[in-house]
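One structure is given here, and the rest of the page talks about it.
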Amino acid sequence: MHQECAYMASSFKEAVEKYASYGVDVERAMDGAAKIPLSMHCWQGDDVGGFETPESVLSGGGIQVTGNFPGKARNAEELRSDIAEALKFIPGRTRLNLHAIYGDFGGKRVDRNEISYKHFKAWVDWCSQMKMGMDFNPTYFSHPLAADGFTLSNRDKSVRDFWIEHGIACRKIAEKAGKQLGEAVIVNFWMPDGMKDIPADLMGPRLRMKESLDKIFSVKTSGKFEKDALECKLFGIGSESYVVGSHEFFMGYVVSRGKMLTLDTGHFHPTESVADKVSSVLLFVPEILLHVSRGVRWDSDHVVLFDDPTRDLMREIVRSGATERVHIGMDFFDGSINRIFAWAIGMRSARKALLSAFLEPGKKLLQAENCGDYALRLALMEESKTLPFAAVWEEFCRRHDVPNGLKMIEQIKRYERDVLSARS
């Protein structure tokens with residue numbers, strides 16, 4: 001063990017020196033990467049089922065979870081236990097991202113326009129205990145009044161009014177939670193409204209959606225403790241031909257209303273780069289919320305990897321100097337594998353990408369670019385890819401008291417054997 005620690009210390013020292021030769025301060029990079037919070041999505045733990053009823057299960061709304069790996073959380077206590085376990089392997093600051101269907105409803109039927117802070121107080125208290133911030137999401141799917149594919153843009157005014165009330169209730173819950181936690185809760189609005197085949201009327205639903213959102217936001221909350229974000233989408237399951245809340249719709253809405261735009265990395269065409277959108281959007285909106293996912297051929301919400309799209313995204317946040325204006329939430333759900341592994345792998349990958357971004361020789365790259373020496377810029381980009389990142393990541397995990405490599409794998413497998421398997 002002593003020899004292993006000595007080897008790791010030596011490797012890290014060499015890495016620091018190597019990065020320094022490229023003008024990179026490793027200590028500063030690690031500090032920057034650790035401070036940025038990642039919002040941990042609760043719905044990976046139970047496949048987006050929620051706790052409204054004992055049989056709660058995801059249905060409809062343009063999203064789908066596949067797989068039936070044993071041991072998913074069946075109630076709030078089990079879910080909190082699983083989140084706490086996964087947090088042991090995730091270095092850096094973390095927030096909790098909660099959907100409205102995850103309240104403590106006491107086995108009673110509480111419809112979504114009737115939810116209140118009391119149903120989420122246990123979650124807020126838990127976040128306070130865990131020293132975590134919190135984010136919140138209205139749930140505009142898996143409900144009888146969403147079965148026809150329309151919520152805030154529904155032709156039926158009574159249906160629209162129900163979902164307007166739900167949105168207002170969620171904002172009030174978030175504001176109270178933010179006051180208790182001492183920091184703003186971001187409320188993210190995503191509505192799956194759309195059509196499977198070609199509609200005759202594209203304008204009508206969008207007009208109704210705009211009017212419904214205006215009614216929700218007419219109820220004022222404190223910008224200090226509650227912030228609103230709106231999430232666009234290209235298509236969904238059952239809405240392949242038309243989504244009311246398109247990128248253009250929400251880009252126009254948030255710019256005109258001073259709201260935050262949510263960019264989900266799975267909500268665009270597979271050839272589009274969300275990283276490329278960051279700098280443009282930030283010129284016109286106050287803040288951005290990211291939902292980091294991994295689409296495979298479609299918006300399939302696979303576990304995030306330390307891959308080029310994720311690294312490009314985090315690199316653009318750092319390059320743009322936008323770390324205070326871009327909020328990072330995770331949004332993947334895989335029911336086919338151990339869910340603790342899914343959280344750990346996905347969130348560690350996002351943190352790795354952030355650390356990698358801070359370790360980029362940014363000053364040298366800019367100097368080369370500003371001098372018009374594009375060959376030097378390209379050479380620096382390529383050479384920096386093989387700098388000793390692994391040694392820095394190892395030290396990063398050690399400083400955050402987080403197991404790495406095989407130690408992490410062994411501990412998660414033990415939890416699978418001792419806890420998850422017992423639920424089956």
Side-chain angles (χ1 to χ4, degrees), residues 33 37-50 57-58 63-99 102 130 132 265-266 291-296 299-311 314 328-356 389-390 393-394 396-398 400-424:
L38 299 178
S39 198
M40 182 177 182
H41 54 311
C42 73
W43 49 92
Q44 168 59 66
D46 80 324
D47 306 342
V48 206
V57 63
L58 176 68
I63 52 179
Q64 181 177 338
V65 179
T66 56
N68 55 357
F69 192 88
K72 72 177 181 180
R74 299 165 294 186
N75 52 57
E77 290 74 21
E78 289 183 352
L79 184 56
R80 285 192 277 267
S81 173
D82 289 354
I83 293 171
E85 182 66 21
L87 284 170
K88 295 176 183 178
F89 311 103
I90 302 167
R93 287 185 62 199
T94 309
R95 298 167 64 86
L96 176 69
N97 201 1
L98 197 65
H99 244 287
Y102 288 87
M130 299 292 288
M132 298 171 67
T265 56
H291 273 192
V292 185
S293 181
R294 177 169 58 101
V296 177
D299 178 33
S300 50
D301 292 295
H302 282 61
V303 176
V304 171
L305 302 179
F306 184 50
D307 55 10
D308 286 344
T310 307
R311 295 179 69 176
M314 301 307 176
I328 305 172
M330 311 306 293
D331 187 10
F332 51 83
F333 32 90
D334 189 342
S336 70
I337 63 174
N338 178 316
R339 296 168 185 84
I340 310 299
F341 265 126
W343 266 318
I345 294 166
M347 295 193 67
R348 285 165 67 96
S349 294
R351 187 68 70 187
K352 283 179 186 176
L354 269 173
L355 179 58
S356 176
F389 173 77
W393 172 250
E394 187 77 39
F396 187 82
C397 289
R398 187 193 69 79
H400 288 270
D401 197 25
V402 165
N404 199 24
L406 292 175
K407 291 180 181 178
M408 177 197 75
I409 293 171
E410 289 167 1
Q411 290 187 29
I412 295 178
K413 291 299 288 183
R414 188 181 306 125
Y415 188 82
E416 177 183 321
R417 184 190 67 233
D418 298 342
V419 178
L420 301 183
S421 297
R423 294 177 187 167
S424 302

Whether Ser349 side chain and Ile345 backbone form a donor-acceptor pair below 3.5 Å: yes
Spatial distance of atom CG (Asn404) from atom CD (Glu394) [nearest 0.5 Å]: 4.5 Å
Qualifying residues under side-chain hydrogen bond (donor to acceptor under 3.5 Å, both in side chains), relative to Trp343, sequence neighbours excluded: none
All pairs passing salt bridge (Lys or Arg N to Asp or Glu O under 4.0 Å) where residues 334-348 contributes a residue, at least two apart: Asp47-Arg339
Distance-minimising heavy-atom pair for His41 and Asp331: CD2-CA, 4.1 Å
Salt bridge (Lys or Arg N to Asp or Glu O under 4.0 Å): pairs with one or both residues in residues 412-424, sequence neighbours excluded: Glu78-Arg423, Asp82-Arg423, Lys413-Glu416
Nearest atoms (heavy-atom pairs only) where Val292 meets Val304: O-CG2, 3.5 Å
side-chain contact (heavy atoms from CB on, under 4.5 Å) partners for Ala84, two or more places apart: Trp126, Met130
side-chain contact (heavy atoms from CB on, under 4.5 Å) partners of His302, counting only residues at least two apart: Arg294, Val296, Ser300
Set of side-chain contact (heavy atoms from CB on, under 4.5 Å) partners for Pro70, sequence neighbours left out: Ser424
Pairs meeting criterion ring-ring contact (aromatic ring centres under 6.0 Å, His included) with involvement of residues 400-424, two or more places apart: Phe396-His400
Within-4.5 Å side-chain heavy-atom neighbours: Tyr102 and Asp46: yes
Audit row: Arg351, Val402, side-chain contact (heavy atoms from CB on, under 4.5 Å) steps and yes/no: CA-CA 13 Å; Arg351 187 68 70 187; Val402 165; over 6 Å; no
Counterpart residues, ring-ring contact (aromatic ring centres under 6.0 Å, His included), relative to Phe69 (two or more places apart): none
Closest heavy-atom pair and its distance - Leu355, Ala33: CA-CB, 3.7 Å
Side chain proximity check, Met347 to Phe89, heavy atoms < 4.5 angstrom: no
side-chain hydrogen bond (donor to acceptor under 3.5 Å, both in side chains) partners of Ser293, counting only residues at least two apart: Asp301
Nearest heavy-atom neighbours spanning Gln411 and Pro403: NE2-CG, 3.5 Å
Glu77/Arg80 salt bridge by N-O under 4.0 Å criterion: yes
Validation row: Phe341, Val303 side chains within 4.5 angstrom (heavy atoms): no
Considering all heavy atoms, the nearest Ala344-Ile90 contact: CA-CG1, 4.3 Å
Pro91 versus Trp393, closest heavy-atom pair with distance: CG-CH2, 3.7 Å
Contacts of Asp307 that satisfy side-chain hydrogen bond (donor to acceptor under 3.5 Å, both in side chains) - sequence neighbours left out: Thr310
For Arg93, side-chain hydrogen bond (donor to acceptor under 3.5 Å, both in side chains) partners two or more places apart: none
Arg95: partners by salt bridge (Lys or Arg N to Asp or Glu O under 4.0 Å), with sequence neighbours left out: Asp135, Glu183
Side chain proximity check, Glu85 to Leu420, heavy atoms < 4.5 angstrom: no
Rounded distance (nearest 0.5 Å) linking atom CD1 of Ile83 with atom CG of Leu96: 5.0 Å
Short side-chain to backbone donor-acceptor contact, His99 and Cys42, under 3.5 Å: no
